[in-house]
Number of protein chains: 2
Amino acid sequence: MNIRELARRSGVSTATVSRALNDRAEVSEATRERIRRLASELGYAPNEPARTLVRRRSDTIGLIWDSGQEAQGLHNPFLLGLLSAVRTALSEADYHLMLLTTPAADDPDASYLQAVRRHNLEGVIVLTTPPDDRCLRVLAASDVPCAGIDTAFTGPHTVRVSSDNAAGAEAAVEHLHTLGHRRIATITGPLHLPPAAERLAGYRRACERLGLAVPEEYVVEGDFFLDSGQRAGDRLLALGEPPTAIFAAGDQMAIGAMHAAADLNLSVPRDLAVVGFDDIDAAALVRPSLSTVAQDQRALGEAAVAALRGLLDGPDLTPRSERTVSATPRIVPTRLLVRGSSRPGA
Amino acid sequence: MNIRELARRSGVSTATVSRALNDRAEVSEATRERIRRLASELGYAPNEPARTLVRRRSDTIGLIWDSGQEAQGLHNPFLLGLLSAVRTALSEADYHLMLLTTPAADDPDASYLQAVRRHNLEGVIVLTTPPDDRCLRVLAASDVPCAGIDTAFTGPHTVRVSSDNAAGAEAAVEHLHTLGHRRIATITGPLHLPPAAERLAGYRRACERLGLAVPEEYVVEGDFFLDSGQRAGDRLLALGEPPTAIFAAGDQMAIGAMHAAADLNLSVPRDLAVVGFDDIDAAALVRPSLSTVAQDQRALGEAAVAALRGLLDGPDLTPRSERTVSATPRIVPTRLLVRGSSRPGA
DNA sequence: CTGTTAGCGCTTTCAA
DNA sequence: TTGAAAGCGCTAACAG
């Protein structure tokens, strides 16, 4: 079943069928309707590769997510929500989605950029901060429109979307302050990662604003994983003047800190309040349940898609300030979820 | 940069370039090498849509995962590993991957099958058990090769890959028995879902083999989520003769059961041992850490891809028994992870 | 409003 | 071993 066959059966030319099915204005309503019905009846679907070939556009976006294994434990649960959000937003905008594979190291020609060219992809969305990736840098430096979520990469046709990490951290600290806490420590992620640095900055800003002292020992760097959180917790609680509350830049570390407290027979939240970041699945499963700063995965996905579309539709036709895109924030707000680990009554 | 340009610069015809780049035998080694080098230098990459159009095959597989929101909480962490495994296995077999979107309800013509036809997809991999989906059934009934992971759907060109749920459950029960437990209860998933039913069957078989009595009250049905596990735990522990061990068919329910024990001031694993199923992230984060039956996501992904490829390569050329596919098990073994919730010393 | 026609970039006969 | 030429299914000028 192809367009020629459909044209034959409708008694019109292929051009008319094409016009009818593509909603071109020049077709009479009657013919369009007739062709539509027949197409639906016969189960006709246009051949996309053929369309792509002639139109020189594929309506397809590439998706890159996490190259190595490194980040696996880190962003896992978060990632799936993001993936889902991106997929939904993209399909609502009538784009197709192609999953790009990490290029094999043994094939020098394989690269994200190659894949984009081969498939006529119109843009790429990049999820998570990948380990320093050469292929990704080549892509970012190219003329391919890219939108990165929570990813530090820049290029001429590149946008970055991320949660408002600083504001999220601030909100967490403020929440703890409101609860009466005055000695609030933090466990950070690896500070070379932007989100980790931003969350620390938010913590500092909040403390400053609230007039809280931040002794040097109150800032401990972790690696986002459980054990580092527990070790940091051990250290903090062993201080001469231990904190009464901890803000951890990641949920796994927050849970680790709760374990540290438990090992000292301290009760959470009575003796130590804890707030994490990310709202991973486990946050709602542990006991006490973990208060956390949730990222809005849907909003992130939508913002990324909106930003990418802005890059796609006539990059230079309208003045920057007038583009719809700019209305969509590249910084997505977070939401504080108060649960047992910081709820006085719990 | 296209094949014509490359041909011109190499001083040969496009046909020769095509043959050289596609490893056809009829090209002299010298020309092939020369063309290869030039192609690499010029950064030439063949246009896939054009190839697809003429070859009538796309080397592309579609991926369907979770239609509704329902399953969201359920299989989440598991899914991402699966996705990753499928992506890797597919790219090793030189297939591209297209993410399919749940068809919009308001467009009667949109369907998975349509998408497959439009893009010339050669097969589809389906992840997770979706809610009773009409579109999916249409697809399964078609001539499109499909491989489902943990999904109950059948059709003429369909294979199903799943973990050995029964054996996994058996192993869990046996483990508890070895620890000295004789009163072992179970919390099941919704029994209309195959994995849930299979896990229950494994539990029963193990009990029978080990000579353990299974009073009717020892089997409680849950919904795979936390709360149902806690409620089931409450009920089991309130029995006149409460179990000393619980096998839950899902980790969230297992964690719920641990909460129930904690609320009664029972110690896990001393007063109650618990084993779950799936090895979600939280299993390693809760305290005590949760023993569980882990599914091998990589193996599942690889098995699905292998099975699908078996369907693709000459479905009827070789007798069934001789196909390479049949060497790859459609049932993937699980692995028991013993952690704190069932470790005597813990 | 509709039809005719010329390709899009590639692979694949068929001839040489 | 190579080249010339046809055509995959579709869209987009250009005519009518």
Side-chain angles (χ1 to χ4, degrees), chain A residues 1-39 42-60 94 96 109 114-122, chain B residues 1-36 38-40 42-60 94 96 109 114-122:
Chain A
M1 197 51 244
N2 58 22
I3 201 176
R4 209 154 46 234
E5 181 65 11
L6 180 56
R8 205 181 54 70
R9 300 216 199 183
S10 330
V12 294
S13 70
T14 60
T16 300
V17 172
S18 172
R19 284 189 279 248
L21 263 27
N22 286 296
D23 281 322
R24 292 259 174 289
E26 325 101 291
V27 191
S28 82
E29 206 39 65
T31 6
R32 159 171 298 127
E33 203 37 58
R34 190 158 45 82
I35 294 174
R36 276 267 178 71
R37 183 151 31 237
L38 203 56
L42 298 174
Y44 167 78
N47 181 309
E48 289 296 342
R51 295 187 77 212
T52 299
L53 185 57
V54 62
R55 300 193 321 152
R56 289 117 170 260
R57 51 172 306 190
S58 60
D59 293 329
T60 303
D94 278 320
H96 305 127
D109 288 341
Q114 279 272 327
V116 169
R117 304 253 183 263
R118 283 165 66 121
H119 294 284
N120 268 294
L121 302 183
E122 290 169 33
Chain B
M1 200 38 265
N2 60 20
I3 200 174
R4 210 154 47 234
E5 182 63 13
L6 180 55
R8 205 180 55 68
R9 299 216 200 183
S10 330
V12 294
S13 69
T14 60
T16 300
V17 171
S18 171
R19 284 190 278 246
L21 263 25
N22 287 296
D23 283 322
R24 292 260 173 288
E26 328 101 290
V27 190
S28 83
E29 205 40 64
T31 14
R32 159 172 297 127
E33 201 37 57
R34 190 160 46 83
I35 295 173
R36 276 266 177 71
L38 203 57
S40 175
L42 299 174
Y44 167 77
N47 181 309
E48 290 295 341
R51 296 188 77 212
T52 299
L53 183 56
V54 61
R55 298 192 321 153
R56 298 127 158 256
R57 51 173 304 191
S58 61
D59 293 330
T60 302
D94 278 319
H96 305 126
D109 287 343
Q114 280 272 329
V116 168
R117 303 253 185 263
R118 283 164 67 120
H119 295 284
N120 268 290
L121 303 183
E122 290 169 34

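Letters A, B, ... mirror the listed sequences (proteins, then strands); counts begin at 1.
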Trainee: Five pairs at each end of the helix from dC1(C)-dG16(D) to dA16(C)-dT1(D): take the axis at both ends and give me the angle between them to 10°.
Mentor: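 Here the helix ends are tilted 30° relative to one another.
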Trainee: Run the salt bridge (charged side-chain N to carboxylate O under 4.0 Å, His left out) test against Arg55(B) and tell me which residues pass, sequence neighbours left out.
Mentor: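 Partners of Arg55(B) by the salt bridge (charged side-chain N to carboxylate O under 4.0 Å, His left out) criterion, ordered by chain and then number, come out as Asp59(B).
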Trainee: Salt bridge (charged side-chain N to carboxylate O under 4.0 Å, His left out) with Arg118(A): which residues, sequence neighbours excluded?
Mentor: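 By the salt bridge (charged side-chain N to carboxylate O under 4.0 Å, His left out) rule, Arg118(A) matches Glu48(B).
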Trainee: Just jot down the side-chain hydrogen bond (donor to acceptor under 3.5 Å, both in side chains) partners of Thr31(B), sequence neighbours excluded, or say none.
Mentor: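 In terms of side-chain hydrogen bond (donor to acceptor under 3.5 Å, both in side chains), with neighbours along the sequence ignored, Thr31(B) is linked to Ser28(B).
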Trainee: Which residues pass the salt bridge (charged side-chain N to carboxylate O under 4.0 Å, His left out) test with Asp23(B), not counting sequence neighbours?
Mentor: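 Asp23(B) satisfies salt bridge (charged side-chain N to carboxylate O under 4.0 Å, His left out) with Arg32(B), Arg36(B) once adjacent residues are dropped.
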Trainee: Once you round it to whole Å, what is the distance between C1' of dC10(D) and CD of Glu5(A)?
Mentor: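 Rounded to the whole Å, the gap is 15 Å.
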Trainee: Can you list, by residue number, the residues of residues 42-50 of chain A that have a non-hydrogen atom closer than 4.0 angstrom to DNA chain D?
Mentor: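 Only Tyr44(A), Pro46(A), Asn47(A), Ala50(A) qualify.
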Trainee: Name all residues meeting the side-chain hydrogen bond (donor to acceptor under 3.5 Å, both in side chains) criterion together with Arg19(B); count only those two or more places apart in sequence or in a different chain, and write none if there are none.
Mentor: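 side-chain hydrogen bond (donor to acceptor under 3.5 Å, both in side chains) check on Arg19(B) returns nothing, list empty.
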Trainee: Can you list, by residue number, the residues of residues 21-39 of chain A that have a non-hydrogen atom closer than 4.0 angstrom to DNA chain D?
Mentor: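 Within residues 21-39 of chain A, the residues near DNA chain D are Asn22(A), Arg24(A).
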Trainee: Give me the first and last nucleotide of DNA chain C, going 5' to 3', that has any atom under 4.0 Å from a heavy atom of chain B.
Mentor: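 Contact boundaries, 5' end first: dC8(C) to dT13(C).
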Trainee: I'd like to check the side-chain hydrogen bond (donor to acceptor under 3.5 Å, both in side chains) partners of Thr14(A); sequence neighbours left out, ordered by chain and number.
Mentor: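 In terms of side-chain hydrogen bond (donor to acceptor under 3.5 Å, both in side chains), with neighbours along the sequence ignored, Thr14(A) is linked to no residue.
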Trainee: Name all residues meeting the side-chain hydrogen bond (donor to acceptor under 3.5 Å, both in side chains) criterion together with Thr16(A); count only those two or more places apart in sequence or in a different chain, and write none if there are none.
Mentor: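 Per chain and number, Thr16(A) pairs via side-chain hydrogen bond (donor to acceptor under 3.5 Å, both in side chains) with Ser13(A).
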Trainee: Go through the structure and list residues passing salt bridge (charged side-chain N to carboxylate O under 4.0 Å, His left out) with Glu5(A), not counting sequence neighbours.
Mentor: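 In terms of salt bridge (charged side-chain N to carboxylate O under 4.0 Å, His left out), with neighbours along the sequence ignored, Glu5(A) is linked to Arg8(A), Arg9(A).
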